[in-house]
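Notes follow once the structure below has been shown.
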Amino acid sequence: MPELPEVETVRIGLEKYLVGDVFKTVQVLREQSVGYPSVTKFTKGLARKEVISVERRGKYLLIHLDSKAGLGVHLRMSGRLIVADKKHKPAEFLRINIKLESGRDLRFEDMRVFGRMWYVPPGETFEDIIPALTLLGPEPLGKDLTAKYLLEAVKGRKQAIKTALLDQTLIAGLGNIYADEVLFQTGIHPLSSAGTMTKPDAEKLVVAIKKTLKQAIELGGSSLKDYTDSQGVNGKYQHSAWVYGRAKQPCRVCGEPIERIKLVGRSAHFCSNCQTKMRGRPTK
DNA sequence: ACTAGGTCCTGGTTGC
DNA sequence: TGCAACCAGGACCTAG
């Protein structure tokens, strides 16, 4: 799914193309795509609301509406949020469609139906409706993510560093692609026990995280399969990935083949020649 | 208190 | 070619 850079790219697009428009009518084609409340209340609540601003927290989009209402969105694995006008290709896997007063549509397309939209009624906060927001770790591009914080946060953790980086309560917004990319850039093996991190490791990781996410945002994110921005355009980061999706291909630094393993149910890509740091006590 | 694993879904790709 | 197994950007829930 969209990770932080992809969600941020969508946010930028919505800021540009959606703010100021008004939700006219809402059509729910898949009930499961509505996270809160009932389909009827969702539909009625959103109708005639104007879009005021679009915020991002981790991988969540927080769309602020008039009357202090809101629309929360998580794209999960295959979700897309597209402001579509007549020249756009037909919707694929359309789950929720919101007709806009401008005549365009705000489409929530989501093949795998893992994504969710939550209506936040006036008087309630996004945190009230989406409790997971309150548990999120610091924004990686903000000043709260420091080496000191990271070192403290992984202290005593025996899990693999890759697993820790995917934990949204540790850092909000990293996913499978960028966790692999960041570990490669710091020379850290993904199976290294998180708690063995040293201060220099933490400093390098923080630098790599911020640098990689910024670069990915500039490239419009990564499109592996489903992801597009709010205009339906693919991202470009995947072409410059160091390790993600490059199993068996030569490492861009040393030429050795990139390895791919399973780690807590996810794929992990790395170069065992370049990524040797912090291996002290790799888990499993 | 942590952590690994199953689960939610669908469709594209791979391999026999 | 046909079909089954495997794979996919995430995160919640449960059980150990």
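Small disclaimer: the values here were computed from a predicted structure and weren't measured. Letters A, B, ... mirror the listed sequences (proteins, then strands); counts begin at 1.
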Considering residues, nucleotides and ligands other than A/K99, do more than 12 of their heavy atoms fall under 6.0 Å from its NZ? no
Nearest nucleotide by nearest heavy atom, which residue falls closer to the 5' end of DNA chain B, A/M111 or A/R157? A/R157
Which residue lies more 5' along DNA chain C, comparing A/S223 with A/Y60 via nearest heavy atoms: A/S223
Take the protein atom CG of A/D167 and the nucleotide atom P of B/dA1, then report the distance between them rounded to whole Å. 16 Å
A/D21 side chain to A/S102 backbone, donor-acceptor under 3.5 Å: yes
Less than 6.0 Å separating the ring centroids of A/Y244 and A/F184? no
Could you please name the option among C/dC12, C/dG10, B/dT10 that lies closest to any side-chain atom of A/F114? C/dG10
To the nearest Å, how far apart are A/K262 NZ and C/dC7 C1'? 7 Å
Would you say B/dG11 has OP1 or OP2 under 4.0 Å from some side-chain N or O of A/K225? no
According to the Watson-Crick and G-U wobble definitions, with both distances under 3.5 Å, which nucleotide is paired to B/dC8? C/dG10
Do the side-chain N or O atoms of A/S267 get closer than 4.0 angstrom to the phosphate oxygens (OP1, OP2) of C/dA8? yes
More than 12 foreign heavy atoms under 6.0 Å from CD of A/E31: is that the case here? no
Ignoring hydrogens and angles, are the base of C/dA8 and the side chain of A/R112 linked by a donor-acceptor pair under 3.5 Å? yes
